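Beneath this line is the structure, given in structure tokens, with notes to follow.
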Amino acid sequence: MFYWLTELAGTIPGINVFRYITFRTGGAMVTGALFVFMFGPWIIDQLRLAQGKGQPIRADGPPTHLVTKKGTPTMGGLMILSGLIVSTLLWANLRNAYVWIVLLVTLGFGFVGFYDDYLKVSKQTDKGFSGRSRLAVEGLIALIACTCIIWFGRDASVTAVSIPFIKEFLLNIGWFYVMFGMFIIVGAGNAVNLTDGLDGLAIVPVMIAAASFGMIAYLVGNAVFAEYLQIRYVPGTGELAVLCGAVLGAGLGFLWFNAPPASIFMGDTGSLALGGMLGAIAVATKHEIVLAVIGGLFVVEALSVIVQVASFKLTGKRFFRMAPIHHHYEQKGWTEPQIVIRFWIVSVMLALAGLSTLKLR
């Protein structure tokens, strides 16, 4: 909405600031935070009334959760998504194709998560949407997004994969890149979903990753910075920094209500949507492998589940005391705040490592 003011930049003093992505990113951040702060309490009240008993707690999870988290409403991702959408529509350039592609993934994954949360709440069970069906829908959304990203790419390298810390090396995998991109997007969505198990555990690492990729998107979309840093220049992706700013603002607003003890849970509605969004931005900016570094916490959470399942099926024994890995540390005696804050610290360190790949090439 505000982007159209750039057309008046030459006639009205002061309007020129709307040309700058940095200014609109800041505006999106403030708007997202204010929106969630203002409407968050009302959304929580409505969800609490609609859900009654709140989110069902895993019977095989930590026993303390059956007491401390019982009755807390879920679907808090609706708060984040509403703030994200409002901020994006107000501050982003809606003529930019990448903006709509990433929004497609975000809202598509959000809908899948919402349906999963709805089934859990309505049936009062921790079993929601069929795993295979959910992955199939997510895969279809990711397929459309990756195809569009390749379609809107302006050179042959759009199907190439770059390796962090190695300059001037691109592995062009052709149309197999669609499958690779699908794996990144679907994997990111479900990895964030697995991380969302403690109050505040998922949202802060998501904000850290969003801030990191906001910077990456801005640099990748700027020809001067991209040439200086010797990274791939992808025209148009700079606008994705505005979406990252919106996530950062809406996430801060949500954290106010999700901080321990949480008044609301993010639910699959938020975790799948935000993870899918990070994956889509990574694919669009051609920094897919860097996402595995910046989002290393999500990778570890997902791998802990894979290892646990594989170990139990092959040996009949569990590798961890409980999976995902944050529950393992709960079983070891760490308190919830200890786990959450230490995982936040790890996320910051991984983000710094991921951003260092921009220069160390």
Side-chain angles (χ1 to χ4, degrees), residues 21 24-25 28-29 32 80-81 84-85 87-88 91-94 96-110 138 141-142 144-150 152-153 158 161-162 164 177 180-192 202-203 205-222 225-226 231-251 270-296 298-299 347 350-351 354-355 357-358:
I21 291 175
R24 289 184 286 110
T25 299
M29 188 186 307
I80 305 172
L81 292 179
L84 165 65
I85 293 170
S87 299
T88 300
W91 294 100
N93 176 9
L94 300 182
N96 186 292
Y98 290 112
V99 170
W100 289 108
I101 292 172
V102 174
L103 279 180
L104 163 71
V105 174
T106 306
L107 296 180
F109 275 49
E138 292 170 4
I141 296 169
I144 296 172
C146 291
T147 303
C148 290
I149 288 173
I150 292 177
F152 287 109
V158 70
V161 179
S162 58
Y177 182 81
F180 176 71
M182 288 172 60
F183 173 78
I184 295 297
I185 296 174
V186 174
N190 287 278
V192 174
I203 188 59
V206 164
M207 289 192 293
I208 293 170
S212 301
F213 269 94
M215 182 180 294
I216 290 173
Y218 179 74
L219 296 173
V220 168
N222 186 297
F225 289 139
I231 57 178
R232 294 173 64 185
Y233 169 53
V234 185
T237 54
E239 201 66 29
L240 295 177
V242 180
L243 275 75
C244 291
V247 171
L248 191 56
S271 57
L272 279 177
L274 295 176
M277 177 183 180
L278 290 174
I281 293 175
V283 171
T285 58
K286 317 308 297 177
H287 277 71
E288 306 90 349
I289 297 178
V290 174
L291 175 61
V293 179
I294 293 176
F298 307 131
V299 175
S347 294
L350 290 170
L355 290 174
T357 66
L358 296 174

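For reference, positions follow the sequence shown, starting with 1. No experiment lies behind these values; they were computed from the predicted model shown. Worth knowing before you read on, the calculation uses all heavy atoms, side chains too, and leaves out hydrogens, waters and symmetry mates.
Taking both residues in full, the closest heavy atoms of C146 and M182 are given as SG-N, 3.5 Å, listed atom of the first, atom of the second, then distance. Minimum heavy-atom separation, A217 to L240: CB-CB, 4.0 Å. Taking every heavy atom of both residues into account, G275 and V192 meet most closely at CA-CG2, 3.6 Å. Scanning all heavy atoms of the two residues, the minimum distance from A241 to G214 falls at CB-O, 3.5 Å. The heavy-atom pair separating V290 from P164 by the smallest distance is CG2-CG, 3.9 Å. Scanning both residues, V161 and R232, for their nearest heavy atoms gives N-NH1, 4.4 Å.
Side-chain atoms of N190 come within 3.5 Å of backbone N or O of V186 as a donor-acceptor pair.
Atom NE2 of H287 sits about 13.0 Å away from atom CD1 of I184, to the nearest 0.5 Å. Atom CZ of residue F213 and atom CG of residue L355 lie 8.5 Å apart, to the nearest 0.5 angstrom. Rounded to the nearest 0.5 Å, atoms CD1 (I185) and CG (L278) are 11.0 Å apart. Rounding to the nearest 0.5 angstrom, the gap separating the CD1 atom in I144 from the CD1 atom in I149 is 12.0 Å. Note: N96 CG to T237 OG1 = 8.5 Å, rounded to the nearest 0.5 Å. For the atom pair S271 OG and F109 CZ, the distance stands at 11.0 Å (nearest 0.5 Å).
Side-chain contact between I208 and L350: absent, with no pair of heavy atoms (C-beta onward) separated by less than 4.5 Å. Side-chain contact between W91 and T25 is absent, with no heavy atoms from C-beta onward closer than 4.5 Å. When side chains are defined from C-beta on, M277 does not count as touching V105, because their heavy atoms never get closer than 4.5 Å. Residues I281 and I216 fail the side-chain proximity criterion, which asks for heavy atoms closer than 4.5 Å. N93 has its side chain out of reach of V99: every pair of non-hydrogen atoms, C-beta onward, lies at least 4.5 Å apart. Between V206 and F298, some side-chain heavy-atom pair lies under the 4.5 Å cut-off. The shortest side-chain heavy-atom distance between T106 and V247 does not fall under the 4.5 Å cut-off. Two residues are said to be in side-chain contact when any heavy atoms from C-beta on lie closer than 4.5 Å; T285 and V234 fail this criterion.
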message = Before you tell me yes or no, could you show the steps for I80 and I203 under side chain to side chain contact (heavy atoms under 4.5 Å, CB included), namely the whole-Å CA-CA distance, both residues' side-chain angles and the distance that decides it to 0.1 Å?
response = CA-CA 10 Å; I80 305 172; I203 188 59; 3.9 Å; yes
message = Is there a side chain to side chain contact (heavy atoms under 4.5 Å, CB included) between L84 and L81? Walk through the geometry before answering.
response = CA-CA 5 Å; L84 165 65; L81 292 179; 4.2 Å; yes
message = Could you walk me through whether L219 and L358 satisfy the side chain to side chain contact (heavy atoms under 4.5 Å, CB included) test, starting with their C-alpha distance in whole Å, then the side-chain angles of each, then the deciding distance to 0.1 Å, before giving a yes or no?
response = CA-CA 9 Å; L219 296 173; L358 296 174; 3.7 Å; yes
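More than 12 heavy atoms of other residues, nucleotides or ligands sit less than 6.0 Å from atom CZ of F180.
Under the rule for a side-chain hydrogen bond (donor to acceptor under 3.5 Å, both in side chains), S87 has no partner lying at least two apart in sequence or in another chain.
Judged as a salt bridge (charged side-chain N to carboxylate O under 4.0 Å, His left out), the pairs with a partner in residues 271-288 (not counting sequence neighbours) are, in order, K286-E288.
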